[in-house]
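Not measured: the values here are computed from a predicted model. Just the heavy atoms: all of them, side chains too, but no hydrogens, waters or symmetry mates, feed the values below.
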Amino acid sequence: MPGLYIYDNSVVAVTKALKPSARGELEITDVNVAYLRRGQLRVHRLSRGFACWTRARDSSLHEAFGLRADD
């Protein structure tokens, strides 16, 4: 799910308890589900006009910081 994720310090223990997915990776959705099950997940819907880049490359960061409101 695209979004901005901010966690408390217990996220370290949560992620250590995770098992890799079928893709062989730890999934952010599994972290969110763990917080949901603990009753500690809070969600704030972002309004229109927000952009999200999910690629983990340096060039993606350059794209994101180069985005202008009039683009």
Side-chain angles (χ1 to χ4, degrees):
M1 173 168 285
L4 172 66
Y5 302 103
I6 301 172
Y7 300 100
D8 60 10
N9 290 338
S10 66
V11 74
V12 175
V14 169
T15 56
K16 285 182 179 181
L18 293 180
K19 301 215 180 322
S21 69
R23 299 184 315 142
E25 297 181 8
L26 298 178
E27 304 290 343
I28 194 68
T29 300
D30 293 336
V31 175
N32 292 337
V33 168
Y35 273 82
L36 178 64
R37 289 183 177 151
R38 294 163 42 167
Q40 295 179 322
L41 181 68
R42 289 185 285 163
V43 177
H44 299 277
R45 184 175 280 186
L46 300 176
S47 62
R48 290 186 63 173
F50 282 87
C52 177
W53 277 262
T54 59
R55 296 170 290 172
R57 301 180 321 195
D58 290 341
S59 61
S60 295
L61 293 175
H62 293 292
E63 287 178 42
F65 288 116
L67 183 66
R68 297 179 315 198
D70 59 351
D71 282 347

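Between atom CD1 of residue Ile28 and atom OH of residue Tyr7 there is a gap of 3.5 Å, rounded to the nearest 0.5 Å. Distance CD1/Ile6 to CZ/Arg42: 10.0 Å, rounded to 0.5 Å.
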Using a 3.5 Å cut-off and no angle test, enumerate the donor-acceptor pairs between side-chain atoms of residues 10-19 and protein atoms at least two apart in sequence or in another chain.
residue	atom	partner	partner atom	Å
Ser10	OG	Asp8	OD1	2.6
Ser10	OG	Asp8	OD2	3.4
Ser10	OG	Tyr35	OH	3.1
Ser10	OG	Arg38	NH2	3.1
Thr15	OG1	Val11	O	3.1
Thr15	OG1	Val12	O	2.9

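In the hydrophobic clustering of ILVMFWY residues, with side-chain heavy atoms under 4.5 Å counting as a link, Val43 and Val31 come out together.
By the 4.5 Å heavy-atom criterion applied to side chains, Glu27 and Ser21 are counted as neighbours.
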